[in-house]
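Both ligands and their constituent atoms are indexed starting at 1 by order of listing.
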Amino acid sequence: MGAVAKRDVVLQVDKLKKGYGPVTIVEAFSMKAHEGEAVALTGRNGAGKSTVLRCLVGADRPDEGTVTVGGVKVSETNPVIRRDVATVIDDLDFFPDLSVVEHLDLLARAHGLTDPDALVDEVLEEVQLVVQAGQLPSTLSSGQRRRLALATAFVRPRRLLVLDEPEQRLDVEGVQWLGRRLKQELDGGLAIVLASHEPALLEAIGAKQIRLGA
Ligand SMILES: Nc1ncnc2c1ncn2[C@@H]1O[C@H](COP(=O)(O)OP(=O)(O)OP(=O)(O)O)[C@@H](O)[C@H]1O
């Protein structure tokens with residue numbers, strides 16, 4: 001029997017508590033995600049999945065508890081965290097006057113890739129936005145905007161991928177593609193944490209499931 005390689009912990013959450021006003025949404029929430037591991041948050045609408053994900057990427061500050069990535073405490077402004085964590089939590093904050101290809105090129109360069117053309121072309125092909133490469137985000141269909149948001153995660157360095165319902169608005173083939181793509185990422189050693197209502201996607205990537213709420 002071959003030895004199983006020891007996988008490093010990428011994300012560690014300890015006793016996270018987060019609420020809004022007097023309402024506690026999550027409490028005493030702890031989890032880990034190792035290299036090559038997918039962890040899915042499931043549960044009903046309003047259970048707190050997005051709330052947890054926002055705390056994981058530093059977009060929201062926990063009321064209590066700690067979140068670390070590679071041993072470094074998470075904050076959105078920490079350059080180590082910004083380098084290591086690729087996030088697709090929503091797809092609304094595009095620059096209105098940059099085309100699809102310019103978005104991907106800018107992002108890749110901002111993360112230190114000096115000649116990203118080949119990678120950007122490859123990712124555009126993969127998300128089927130080659131024809132739309134010159135369009136502004138506002139002219140894309142809703143599913144195409146989702147594809148662009150997902151593409152942004154694949155043109156930059158990453159150790160941890162955090163995705164909020166990545167299957168949203170994708171067509172059937174798109175969801176199947178996403179399953180295959182995320183599996184490749186896992187095989188390459190990435191850790192993935194996602195919220196999802198799509199059991200087929202979770203099965204495709206062999207995600208460990210954590211159910212929030214009742
Ligand atoms: N900024 C906010 N102010 C007040 N309440 C909020 C805020 N953000 C979220 N909530 C509440 O927190 C709860 C959890 O919301 P959250 O978006 O985390 O749920 P979710 O599990 O991701 O749901 P869904 O499956 O519908 O996406 C909801 O009751 C929501 O109304």
Side-chain angles (χ1 to χ4, degrees), residues 10-33 37-69 73-78 81-82 85-94 127 137 140-153 158 160-172 174-179 181-182 185-186 190-214:
V10 178
L11 170 75
Q12 176 138 11
V13 182
D14 281 310
K15 299 195 179 85
L16 177 76
K17 180 179 176 188
K18 178 70 187 170
Y20 298 103
V23 183
T24 298
I25 307 294
V26 284
E27 194 164 21
F29 176 82
S30 299
M31 64 165 286
K32 280 183 194 171
E37 183 179 34
V39 181
L41 306 182
T42 65
R44 301 197 338 216
N45 292 138
K49 303 179 293 295
S50 302
T51 301
V52 170
L53 295 184
R54 291 179 61 77
C55 290
L56 300 193
V57 301
D60 257 354
R61 191 190 290 254
D63 298 331
E64 289 176 19
T66 55
V67 180
T68 57
V69 172
K73 192 160 180 247
V74 163
S75 98
E76 230 177 10
T77 53
N78 183 322
I81 298 298
R82 284 192 289 125
V85 183
T87 305
V88 185
I89 282 196
D90 55 46
D91 53 7
L92 301 174
D93 47 0
F94 296 119
V127 296
L140 296 174
S141 77
S142 67
Q144 289 170 339
R145 267 200 299 282
R146 191 62 182 171
R147 286 165 181 268
L148 175 57
L150 290 165
T152 63
R158 52 201 179 276
L160 171 68
L161 193 49
V162 179
L163 307 165
D164 197 356
E165 299 182 29
E167 73 275 8
Q168 260 184 85
R169 300 192 301 282
L170 292 184
D171 54 32
V172 174
V175 177
Q176 290 167 351
W177 161 76
L178 182 64
R181 183 55 152 100
L182 295 183
E185 295 279 312
L186 293 168
L190 214 80
I192 299 177
V193 179
L194 75 166
S196 176
H197 293 289
E198 179 53 68
L201 177 64
L202 301 187
E203 192 177 329
I205 62 172
K208 171 178 152 188
Q209 299 192 22
I210 301 177
R211 188 173 170 86
L212 295 181

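Remark: Asp60 pairs with Arg54 by the salt bridge (charged side-chain N to carboxylate O under 4.0 Å, His left out) rule, at least two apart or across chains.
Environment of CZ in Arg44: sparse, with no more than 12 heavy atoms of neighbouring residues, nucleotides or ligands closer than 6.0 Å.
For Glu64 (side chain) and Lys15 (main-chain N/O), no donor-acceptor pair under 3.5 Å exists by modelled atom type.
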Inset, instruction - Would you check, one step at a time, whether the test side-chain contact (heavy atoms from CB on, under 4.5 Å) holds for Leu202 with Leu194? - result: CA-CA 9 Å; Leu202 301 187; Leu194 75 166; 4.1 Å; yes
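Residues of the protein with a heavy atom under 4.0 Å from ligand 1 are Tyr20, Ile25, Arg44, Asn45, Gly46, Ala47, Gly48, Lys49, Ser50, Thr51, Glu165, His197, listed by chain and number.
In this structure, Leu140 and Arg145 approach most closely via the heavy-atom pair O-NH1, 2.9 Å. Nearest heavy-atom pair, Gln168 versus Arg146, reported as atom, atom and distance to 0.1 Å: O-CG, 3.2 Å.
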